[in-house]
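Whatever order the structure lists them in is the order used to number ligands and atoms, beginning at 1.
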Amino acid sequence: MQVLSVTSEIFPLIKTGGLADVTGALPKALTRFGISTRTLVPAYRPLRALIRDCPPLIEFEDLLGETASLYAVEIEGLELFLLDAPALFDRPGGPYIADNGHDHPDNWRRFAVLCLAAAEIAAGSLPGWQPDLVHTHDWQTALTSVYMREMDCKVPVVLTIHNLAFQGQFSSSLLSSIGLPPSVFSTECLEYYGDICYLKGGLMTADIITAVSPTYAREILTARFGMGLEGVLAARRSKLWGIVNGIDTEIWDPLQDPHLFARFDQKTISLKRLNKMELQNSFGLNNDDGPLFAAVTRLTWQKGMDMLAEAADEIIHGGGKLIILGQGDHEIEEQLKAVADRYPGRMAVQIGYDEETAHRLHGGADSVIQPSRFEPCGLTQLYALRYGCVPVVARTGGLAETIIDANDAALSAKAATGFQFHPVTTEGLRHALRRALHAYASPKEWRRLQIQAMRANYSWERSAEQYANLYGNLVKQPVVRKNPPARRLLS
Ligand SMILES: Nc1ncnc2c1ncn2[C@@H]1O[C@H](COP(=O)(O)OP(=O)(O)O[C@H]2O[C@H](CO)[C@@H](O)[C@H](O)[C@H]2O)[C@@H](O)[C@H]1O
């Protein structure tokens with residue numbers, strides 16, 4: 001089966017968050033089911049070197065008035081189509097945000113062009129290759145299925161929601177500029193409170209919708225987590241599935257990780273201490289026996305990092321230390337830095353995005369904290385499990401279903417892998433941190449939690465099979481089945 005995945009980011013080429021991890025890992029995991037994926041991604045400025053000496057596969061003469069070229073390249077086992085539209089993608093800044101910290105003002109146009117190119121490919125524009133199925137991700141690529149419907153292209157489409165908070169909502173006056181007829185400006189398609197909403201268009205026109213965990217798939221049907229789209233999702237409920245993300249166990253492997261000072265596995269977990277010391281030294285923290293907590297995340301309200309700023313004293317007064325790596329809302333960055341200034345030698349904050357430090361933090365920290373107010377799946381807690389960090393997480397979304405709380409029953413069943421808290425408040429977080437500090441004080445109990453965490457299996461194997469089954473049902477091609485099919489969401 002041939003699949004066209006359409007995405008605005010993909011690891012290792014361009015990443016701002018978990019979306020890239022998933023779009024980079026899933027194609028590799030799907031190959032064992034006979035599924036071959038080609039991924040369409042914009043040729044952003046840092047990626048243009050990859051196409052310098054390649055001839056284009058085809059030229060698009062008019063994608064919403066832009067000329068663009070399509071290149072095929074293979075990188076680290078990923079087959080990519082790079083869409084080179086220099087006026088839209090060859091510029092400074094990140095995929096979504098300009099150097100001035102604001103969204104690129106023409107994001108509506110940049111991602112519409114990406115979607116239109118995807119639809120053209122799906123409809124057969126490429127000589128010798130046409131996908132059996134298209135897989136889109138989040139609002140940036142959700143318009144693909146709208147364009148496909150307008151072209152009467154019948155190739156089935158799966159749309160994955162990684163985060164419903166980002167919807168691609170723009171003025172309805174732009175409709176003709178994205179080449180769509182007035183008929184799509186209806187509640188059945190793009191219309192959303194008088195505006196146009198790219199994600200809604202995708203939700204209404206994709207054949208199947210997936211959310212990145214079964215819990216999140218249920219949550220988004222409620223007003224609390226549905227972000228205004230709960231009604232749309234309810235209308236499409238029979239097409240909505242939840243499949244939990246996996247992790248790339250080659251890139252996130254404590255035994256092979258090139259970024260670690262000391263590599264380890266379950267048997268040699270005591271070596272983790274060396275990473276902790278190296279980390280504490282490099283961040284200017286004291287090298288005492290207290291537990292080292294870490295957080296690697298966007299510093300935003302979603303991720304609850306303001307709550308962590310308020311609860312950090314619980315860690316410090318309990319004898320622990322804390323390192324935070326992240327960037328995001330200026331206010332939360334300043335709030336965290338101000339707390340760190342109060343606790344020299346015990347708390348450090350690194351503002352920025354740094355893949356290597358993220359690995360080192362997982363390699364050395366005793367615990368990773370993820371106090372998200374909502375979390376579709378979450379990957380950091382899965383990396384934490386694999387690296388023997390005992391996670392402290394909010395009981396929401398994918399966090400609720402991937403971490404087994406260390407309550408009495410789970411402890412005696414030797415199943416516990418971390419600490420959950422609910423309600424998701426600063427007080428709730430403080431309570432969970434106290435529980436973690438208490439557990440750390442018993443080395444035997446802590447070691448057991450670490451080993452149980454490391455035994456949890458969140459590789460892509462099972463989840464990729466669930467995607468393969470969904471694809472197989474849509475294109476009516478059997479795939480190799482090893483586990484039961486994905487759970488459909490019924491009532
Ligand atoms: N400052 C920093 N430096 C280095 N690395 C950093 C970093 N900040 C974050 N990261 C990395 O970015 C990724 C974040 O992924 P998450 O899944 O935790 O959240 P995100 O909200 O981006 O993803 C959304 O999509 C994913 C994928 O579906 C869902 O799991 C998630 O719930 C949803 O919100 C991880 O690989 C993490 O290590």
Side-chain angles (χ1 to χ4, degrees), residues 5 7-12 14-26 94-96 135-141 159-167 199 209-217 219-220 225 227 242-249 251-252 257 259 294-305 323-329 332-333 336 348-363 365 368-387 389 391 393-394 396-403 458 460 463 467:
S5 173
T7 181
S8 54
E9 47 184 285
I10 182 166
F11 184 86
I14 184 100
K15 169 172 168 180
T16 72
L19 168 62
D21 288 349
V22 172
T23 55
L26 183 58
Y96 322 117
H135 192 156
T136 59
H137 303 268
D138 278 350
W139 76 264
Q140 294 89 343
T141 58
L159 164 63
T160 294
I161 304 168
H162 297 264
N163 193 339
L164 202 62
F166 304 107
Q167 302 182 350
L199 183 59
I209 301 160
T210 66
V212 288
S213 69
T215 308
Y216 190 58
E219 287 175 344
I220 55 182
F225 293 99
M227 307 270 170
I243 301 178
V244 72
N245 286 334
I247 60 171
D248 189 322
T249 49
I251 288 163
W252 292 92
D257 194 327
H259 304 302
V296 181
T297 182
R298 283 186 283 119
L299 302 179
T300 60
W301 183 88
Q302 175 200 339
K303 301 291 183 182
M305 293 306 284
I323 302 176
I324 293 172
L325 167 65
Q327 61 185 13
D329 294 351
I332 298 180
E333 290 179 0
L336 287 164
V349 175
Q350 180 177 325
I351 302 297
Y353 187 92
D354 181 346
E355 198 76 31
E356 179 178 346
T357 305
H359 281 253
R360 285 173 54 229
L361 282 168
H362 286 88
V368 162
I369 309 172
Q370 218 166 336
S372 310
R373 288 189 170 87
F374 68 94
E375 193 60 73
C377 177
L379 295 170
T380 313
Q381 85 280 11
L382 304 182
Y383 302 144
L385 290 174
R386 190 151 162 81
Y387 281 61
C389 309
V393 302
T396 185
L399 300 175
E401 72 190 60
T402 54
I403 302 303
Y458 282 101
W460 265 107
S463 303
Y467 278 109

Chemist: Is there a donor-acceptor contact under 3.5 Å from the side chain of D138 to the main chain of Q140?
Modeler: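 Side chain of D138 to backbone of Q140, a donor-acceptor pair under 3.5 Å: no, none is there.
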Chemist: Which distance, rounded to the nearest 0.5 Å, do you find between the NE2 of H162 and the CG of N245?
Modeler: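 Taking NE2 in H162 and CG in N245, the distance rounds to 7.0 Å.
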Chemist: Decide side-chain contact (heavy atoms from CB on, under 4.5 Å) for I247 and L379; before the verdict, give the C-alpha distance in whole Å, the side-chain angles of both, and the deciding distance to 0.1 Å.
Modeler: CA-CA 7 Å; I247 60 171; L379 295 170; 4.3 Å; yes
Chemist: Would E9 and Y96 count as a side chain to side chain donor-acceptor pair (under 3.5 Å) if you check the C-alpha gap in whole Å, the side-chain angles of each, and the deciding distance to 0.1 Å?
Modeler: CA-CA 10 Å; E9 47 184 285; Y96 322 117; 2.5 Å; yes
Chemist: Using a 3.5 Å distance criterion without hydrogens, assess whether the side chain of R298 forms a donor-acceptor pair with backbone atoms of K303.
Modeler: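 The answer is no, because no donor-acceptor pair under 3.5 Å joins these two groups.
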Chemist: List for me each residue that meets ring pair (Phe, Tyr, Trp, His ring centres under 6.0 Å) alongside Y387, sequence neighbours excluded, and say none if there are none.
Modeler: W252
Chemist: Kindly tell me which protein residues have any non-hydrogen atom under 4.0 angstrom away from an atom of ligand 1, grouped by chain and ordered by number?
Modeler: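 Within 4.0 Å of ligand 1, protein side: K15, G17, G18, L19, D21, V22, H162, N163, V212, N245, V296, T297, R298, Q302, K303, L325, G326, G352, Y353, D354, E355, A358, Q370, E375, P376, C377, G378, L379, T380, Y383.
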